[in-house]
A.B. asks: 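Got a structure for you, written out below as structure tokens; questions coming shortly.
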Amino acid sequence: VPSRSRCMEGTEFRKVRSNSRVYQRYYLLESGLQALRWEPSKKESDKACIAVPSIREVRTGRNTETFRTNGVYDQISEDCAFSIIYGETYEALDLVANSAEVANVWVTGLRYLILYGKHAIDMMASSEDSLRLAWLAETFSSMVVSDGQGGGEVVGISLRSAVGLIRSVNPGVRSEKVEHRFKELHRVKERMNGDRVTKEEFIEVFHDLCTRPEIYFLLVQFSSNKEYLDTKDLMRFLEVEQGMAQVTEDTSLELIQSHEPSEEGRRQGCLSLDGFTRYLTSLECHLFDPEHSQVCQDMSQPLSHYYINSSHNTYLIEDQFKGPADITGYIRALKMGCRCVEVDVWDGPSDEPVVYTSHTLTSPVKFHCVLDVIGRFAFEASEFPLILCVENHCSPFQQRVMLQHLRRILGEKLYTKPLREGEVYLPSPNALRGKILLKGQKLEEGCGGAEGDVTDEDEGAEMCQRMKAGNSGEGAGEGLLKELSDLVTLCKSVRFTDFQMSFSIQKPWELCSFNETLALRCASERPGDFVNYNKRFLSRVYPSAMRIDSSNMNPQDLWKCGCQIVALNYQTPGLMMDLNIAWFRQNGNCGYVLRPAIMRQEVSYFSADTRDSVPGVSPQLLHVKVISGQNLPRPRGSGAKGDVVDPYVYVEIHGIPADCAERRTRTVMQNGDNPIFDESFEFQINLPELAMVRFVVLDDEFIGDEFIGQYTIPLECLQPGYRHIPLQSLMGEDLPYAMLFVHVALTNRRGGGKPYKRGLSVRKARRGRDYAALRDLGIKEVDEVFKMAGPQLKEATDLRENMQNSVAVFRELCGVSAVANLMQCVLALGSRVVGADGDPLMLFELREQYPSMEPQGPLPDVLRRVVSTYETMIQASRAVMELSDGVYDRILQIQTTAMKFHETLHSIAVKEGLKDRKVTRAVESFSWNITILKGQADLLKRAMTEVQENMKQVHYAALTSNLSKGVTGEATRPRRSLDTIQERATAPARGST
């Protein structure tokens, strides 16, 4: 907590000037707290200072013109930088601290000094938080009574009771640490009776162990009352930072009643520091969006349009070569939401089929025992269909035993209806709820019994062949039983030859299994064909036979190609299983995740190996600030350093090649209880639907850093704002009370990267803009249609980017970060547009459809630029709303006209004289162009929604900041005219389908 002495003693900062100049200066508050001085300086002593009353704003981050244009921008931490805006002309003093903590202390202290005067820092130094002290005193007194000391002179409570009381508030802190802290305090005070704790001692240790400075700094940033958040403060925090919609004072009161520990705080409607901490660590503020805890995706699409959670050799619980087989493998996988399990069936003793991997030392388990478990647990975690991959190696006699077990145990759960003639897609998960689909060999029409191959997959033989130990021809089978064949309807196993043959002859109900090596070769050599193949057919990929240790391949390498069934070894924890578990958590952990639209649409272009932006998809910027960690345990098995932990955090992005990235924080030495990292990172995400974020905490060791915990989450499931992340162990179990505290923001603004470059890019001339490029097919009549789209695509891009760029420029002039929304922009303006007489220098006229900004007198140059930029933004926003409908309709009309060539495109290309590769390239270019048209039309619709949301934010923030003209009373929701914008933005465009 900042103190007067710390600010008065002074701190060394780097002072940043234009043209890459940086100076070391010593800054301190003078004794009367009326001025900020620095030394050394060439100026006279009375000029090397800033009067505190002249300070208009203390701005965090690198958000002034000097920071944005200074050549040393890359060397400055966002979290260590801040600026003091002062004087009539809004001059800026740009400073960089040695740590984020020092910056936080000065920013908080100066802001309070400006708002509340000299006594504010005194109050913070004494930590006299009346709500907290009253609550702690009451809590202590109740424990005194329960300790049996209700009357007479109170000596205190027992040490054990005091430790328990502290841990009831902060259960993550270790009992030994609390006890040690009390004993240390007794030693300092030279107290002999160390088994009793007084109220003063209890409060002192509570402050020490239960106050998180990073949450304190956050509270005072939003508090108008210094020691707590009232209902309006909390409303502003929820809307501005947490991204909550439809927040009312009743919402705030409900949160206060749920999380505020003190009765007085609940009665007054105030959220103290401890209540705020409780709220931020509650499930409501976890990073994972609770909407995704239930099935939230369209489950009526064909089965081939989904990723399906899949297990490899489910019966194994250790390695592939000599590990035991056990039914617990199936129980674990099914309870984890797995929807595709594997059964390798072989002839067993006593005419009873068994399950194990051939040509290995794995122990067998009886087939009927496996079916019993599957029958019991198949739909415990998910009601959607379960695919049972049967690798049948049995003799005809034991195949009849298999058939009897299947019918007796699974019975009506087995789905045996074939696809109707002419159907080109498989049924949906919704249509197959509660059903088990058998995947396996199927006899051709007209075949009699005991004909055909038993199985086309023998991974055990493949493994044995690779290891040169055994005969791969062994176990080829003696023919497939017709009755068993008839149970296979929607998932007939067929061998993969090449894509051209599959496109020609493969049926929707036929499924190819790819060895990992073959699948990765297809992904590398024919990424576009692999994606198109998976639009129509299911594909299953299983690990290489060389993975005898049951290690796993990276499922993302196959998901990016659209492969639906990527089988993993569930018994092997680590990165790959972390990705798999997290990925399928996004749809209620039901085992099915809808693939990105660009991988489902019949005519669309997507290449799995893209290292650039995806056509028709707007890149997003993910901003992550890793603030702190809590209760980080010592790595399992680590003993060399005792209880000491030196943690650091990796933030990893997993997705298409263009998105894969990782960044790490600094190491915090010898602090696993509450390490403060305060580091920010930015990532560009080109295909958000396929991206995942992974947080990994490691212990910095001289030889090999050790794993502490991790958490992986799909980008689609992120909640914005200040969030806590529950860490998980290597085995996927929650680590008790171990968390990371982060701030997350996701924006779709163009530019990205460094703000000073973004500042230049948003102002660049229209002729330098990158427009979506259509490709020539070499087919005249088709190319003529696509050429008509050029002007429309250019206009759509100009409308969208003019609006977004004008918002970016306005944001820069408001002095907020790149992740800020317009509500935060207007709220930031509130503090600096107040004139000498206390009246605002400009107001918003909210009675019009688009709020206007009206000066109330002469303005300084800085504010004149703000007004001018705001007007530009409103003009660009109005253009989006008034012109987008027409542009959207024209783009869709061109797309509709072009699609008339789709069915006959190949024959038209041949007539034009194109051959071989040129025909293929023409088809690919056609898909590219259609994807561009669809994508640009969608982006234009989103821009309309963005404008509507921006206007609502301006309206609400103007009311909240008392910057509205002619409108009095409490902030209310936007007027009906804004709802009109919403209706227009979300209504289907004319001619759309």
A.B. asks: So do the side chains of F503 and N532 get within less than 4.5 Å of each other, counting heavy atoms only?
C.D. replies: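 The answer is yes, as the side chains (C-beta and beyond) meet within the 4.5 Å cut-off.
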A.B. asks: Which class fits the ring pair F499 and F496: parallel under 30°, tilted 30 to 60°, perpendicular over 60°?
C.D. replies: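 Correct class here is perpendicular.
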A.B. asks: Stepwise, does the side-chain hydrogen bond (donor to acceptor under 3.5 Å, both in side chains) test hold for Q630 with S628?
C.D. replies: CA-CA 7 Å; Q630 290 76 48; S628 65; 2.7 Å; yes
A.B. asks: Roughly how far, to the nearest 0.5 Å, is the CD1 atom of I725 from the CG atom of L718?
C.D. replies: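 Nearest 0.5 Å value for the CG-CD1 distance: 8.5 Å.
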A.B. asks: Of all the heavy-atom pairs spanning C338 and C340, show the shortest one and how long it is.
C.D. replies: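 Where C338 meets C340 most closely, the heavy atoms are SG-O, 3.3 Å.
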A.B. asks: Do the side chains of V651 and T665 get nearer than 4.5 Å, heavy atoms only?
C.D. replies: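 The answer is no; the side chains never approach within 4.5 Å.
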A.B. asks: Does L727 form a side chain to side chain contact (heavy atoms under 4.5 Å, CB included) with L632? I'd like the steps, not just the answer.
C.D. replies: CA-CA 9 Å; L727 293 175; L632 304 180; 3.5 Å; yes
A.B. asks: Would you check if M299 and F384 make a side-chain contact, meaning some heavy-atom pair closer than 4.5 Å?
C.D. replies: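 In short, these two side chains touch, coming nearer than 4.5 Å.
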A.B. asks: I need the L438 CG to C491 SG distance, nearest 0.5 Å.
C.D. replies: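 It is 8.5 Å, given to the nearest 0.5 Å.
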A.B. asks: If only atom types and distance count, is the side chain of Q719 paired as donor or acceptor with the main-chain N or O of H286 below 3.5 Å?
C.D. replies: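 It does hold such a pair.
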A.B. asks: Just jot down the salt bridge (Lys or Arg N to Asp or Glu O under 4.0 Å) partners of E241, sequence neighbours excluded, or say none.
C.D. replies: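 With sequence neighbours excluded, E241 shows a salt bridge (Lys or Arg N to Asp or Glu O under 4.0 Å) to no residue whatsoever.
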A.B. asks: Should V697 and L740 be marked as a side chain to side chain contact (heavy atoms under 4.5 Å, CB included) after you check the CA-CA gap, both sets of side-chain angles, and the distance that decides it?
C.D. replies: CA-CA 9 Å; V697 185; L740 290 178; 3.9 Å; yes
A.B. asks: Compare all side-chain heavy atoms of W509 with those of T489 and state whether any distance is below 4.5 angstrom.
C.D. replies: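 Heavy-atom side-chain distance check fails, nothing below 4.5 Å.
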A.B. asks: Can you name the nearest heavy-atom pair linking P615 to T931, along with the distance?
C.D. replies: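 So the two residues come closest at O-CG2, 3.4 Å.
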A.B. asks: To the closest 0.5 Å, what do you measure between CZ (F681) and NE2 (H623)?
C.D. replies: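 It comes to 14.0 Å.
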A.B. asks: Compute whether any side-chain donor of one residue and acceptor of the other, for S300 and D298, lie under 3.5 angstrom apart.
C.D. replies: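 A donor-acceptor contact under 3.5 Å links the two side chains.
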A.B. asks: So does G528 get a backbone contact from the side chain of S607, meaning a donor-acceptor N/O pair under 3.5 Å?
C.D. replies: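 The answer is no, because no donor-acceptor pair under 3.5 Å joins these two groups.
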A.B. asks: If we only count heavy atoms from C-beta on, is the V494 to L511 side-chain gap below 4.5 Å?
C.D. replies: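 V494 vs L511: side chains apart.
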A.B. asks: Hey, does the side chain of D659 reach the backbone of L687 with a donor-acceptor pair shorter than 3.5 angstrom?
C.D. replies: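 Such a contact is found between D659 side chain and L687 backbone.
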A.B. asks: Will you find, in the side chains of S493 and K442, an N or O donor that is under 3.5 Å from an N or O acceptor?
C.D. replies: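 Looking only at side-chain atoms, K442 and S493 do not form any donor-acceptor pair under 3.5 Å.
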A.B. asks: Mind telling me whether F514 and Y533 have parallel, tilted or perpendicular rings, with 30° and 60° as the class edges?
C.D. replies: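 Aromatic pair Y533/F514 classed perpendicular.
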A.B. asks: For a side-chain contact (heavy atoms from CB on, under 4.5 Å) with N554, tell me which candidate from L579, V566, L568 qualifies.
C.D. replies: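 Answer to the side-chain contact (heavy atoms from CB on, under 4.5 Å) test with N554 among L579, V566, L568: L579.
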A.B. asks: Could you give the side-chain donor-acceptor pairs of residues 324-335 under 3.5 Å, partners two or more places apart or in another chain?
C.D. replies:
from, atom 1, to, atom 2, distance (Å)
D326, OD1, T328, N, 2.8
D326, OD1, T328, OG1, 2.8
Y330, OH, E342, O, 2.7

A.B. asks: Does the side chain of H292 pick up a donor-acceptor pair with the side chain of Q294 at under 3.5 Å?
C.D. replies: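 Q294 and H292 do not have a side-chain donor-acceptor pair below 3.5 Å.
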A.B. asks: Could you grab the distance from atom CG of L575 to atom NE2 of H654, nearest 0.5 Å is fine?
C.D. replies: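 So the CG of L575 and the NE2 of H654 are separated by 5.0 Å.
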A.B. asks: Whether R664 engages the ring of Y648 as a cation-pi pair (distance to the six-membered ring centre under 6.0 angstrom, angle to the ring normal within 45°) should be assessed.
C.D. replies: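 Cation-pi check for R664 and Y648: passes.
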A.B. asks: Can a donor-acceptor pair be found between the side chains of T517 and N515 at a distance below 3.5 Å?
C.D. replies: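 Their side chains do contain a donor-acceptor pair, which is all the 3.5 Å distance test asks for.
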A.B. asks: Measuring from atom CG of L432 to atom CG of L386, what distance do you get when rounded to the nearest 0.5 angstrom?
C.D. replies: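 That separation rounds to 11.5 Å.
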A.B. asks: Does K492 use its side chain to pair, donor to acceptor, with the backbone of K439 at less than 3.5 Å?
C.D. replies: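 Looks like no, no N/O pair under 3.5 Å.
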A.B. asks: When the aromatic ring centroids of H305 and Y425 are compared, is their separation below 6.0 Å?
C.D. replies: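 Distance test on ring centres: under 6.0 Å, yes.
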A.B. asks: Looking at every non-hydrogen atom in both residues, tell me the closest pair between N587 and V593 and how far apart they are.
C.D. replies: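 Heavy atoms of N587 and V593 come nearest at CB-CG2, 4.3 Å.
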A.B. asks: Spell out, as yes or no, whether a donor-acceptor pair under 3.5 Å connects the side chain of Q506 to the backbone of E510.
C.D. replies: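 Yes, because the side chain of Q506 sits within donor-acceptor range (under 3.5 Å) of the backbone of E510.
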A.B. asks: Which heavy atom of S382 sits nearest a heavy atom of R339, and at what distance?
C.D. replies: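 Looking at all heavy atoms of both residues, the shortest contact is O-NH1, 3.6 Å.
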A.B. asks: Output yes when a side-chain donor or acceptor of Q242 lies under 3.5 Å from a complementary backbone atom of Y722, and no otherwise.
C.D. replies: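 Yes.
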A.B. asks: Is the shortest heavy-atom distance from the side chain of S428 to the side chain of L303 under 4.5 Å?
C.D. replies: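 S428 vs L303: side chains apart.
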A.B. asks: Are a donor atom and an acceptor atom from the side chains of N309 and N580 found within less than 3.5 Å of each other?
C.D. replies: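 The criterion, which ignores hydrogens and geometry beyond distance, is satisfied for N580 and N309.
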A.B. asks: Check step by step if side chain to side chain contact (heavy atoms under 4.5 Å, CB included) holds for R547 and N552.
C.D. replies: CA-CA 8 Å; R547 295 185 182 274; N552 279 311; 5.6 Å; no
A.B. asks: Quick one: does M692's side chain get under 4.5 Å of I653's, heavy atoms only?
C.D. replies: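 They are not in contact (no side-chain heavy atoms under 4.5 Å apart), so the answer is no.
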A.B. asks: Nearest 0.5 Å please: distance from the CD atom of Q297 over to the OH atom of Y592.
C.D. replies: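 Here the rounded value is 13.0 Å.
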A.B. asks: Do M739 and T281 make a side-chain contact, defined as non-hydrogen atoms from C-beta onward lying under 4.5 Å apart?
C.D. replies: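 Touching, per the 4.5 Å side-chain cut-off.
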A.B. asks: With a 3.5 Å cut-off and no angle check, do the side chains of D578 and T712 form a donor-acceptor pair?
C.D. replies: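 Their side chains do not contain a donor-acceptor pair, so the 3.5 Å distance test is not met.
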A.B. asks: For S927 and S604, what are the C-alpha separation, side-chain angles and deciding distance, and is it a side chain to side chain contact (heavy atoms under 4.5 Å, CB included)?
C.D. replies: CA-CA 5 Å; S927 296; S604 62; 6.0 Å; no
A.B. asks: Answer yes or no: is there a donor N or O on one side and an acceptor on the other, between the side chain of Q564 and the main chain of S304, under 3.5 Å?
C.D. replies: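 Checked: pair present.
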A.B. asks: For S551, is there any backbone N or O sitting under 3.5 Å from a side-chain donor or acceptor partner on D549?
C.D. replies: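 Yes: the side chain of D549 pairs with the backbone of S551.
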A.B. asks: Looking at K413, I want to see if its NZ is surrounded by more than 12 non-hydrogen atoms of other residues, nucleotides or ligands under 6.0 Å.
C.D. replies: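 Buried by this count: over 12 neighbours within 6.0 Å.
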A.B. asks: Tell me the closest heavy-atom pair linking M577 and T572, and the distance in Å.
C.D. replies: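 M577 and T572 have their closest heavy atoms at CG-O, 3.1 Å.
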A.B. asks: Could you pull out the closest heavy-atom pair between Y307 and L690, with the gap in Å?
C.D. replies: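 Closest approach of Y307 to L690, heavy atoms only: OH-CD1, 3.4 Å.
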A.B. asks: Please check this pair: side chain of Q441 against backbone of V488, looking for a donor-acceptor N/O pair closer than 3.5 Å.
C.D. replies: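 Not a single qualifying donor-acceptor pair exists.
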A.B. asks: Which class fits the ring pair H405 and F367: parallel under 30°, tilted 30 to 60°, perpendicular over 60°?
C.D. replies: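 H405 and F367: tilted rings.
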A.B. asks: Do S680 and E682 get their side chains close enough for a donor-acceptor pair, meaning under 3.5 Å?
C.D. replies: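 Short answer, no.
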A.B. asks: Considering residues, nucleotides and ligands other than E380, do more than 12 of their heavy atoms fall under 6.0 Å from its CD?
C.D. replies: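 Yes, the 6.0 Å shell around CD holds more than 12 heavy atoms from other groups.
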A.B. asks: Is the backbone of C563 close enough, under 3.5 Å, to the side chain of R540 for a donor and an acceptor to pair up by distance?
C.D. replies: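 Answer holds: no.
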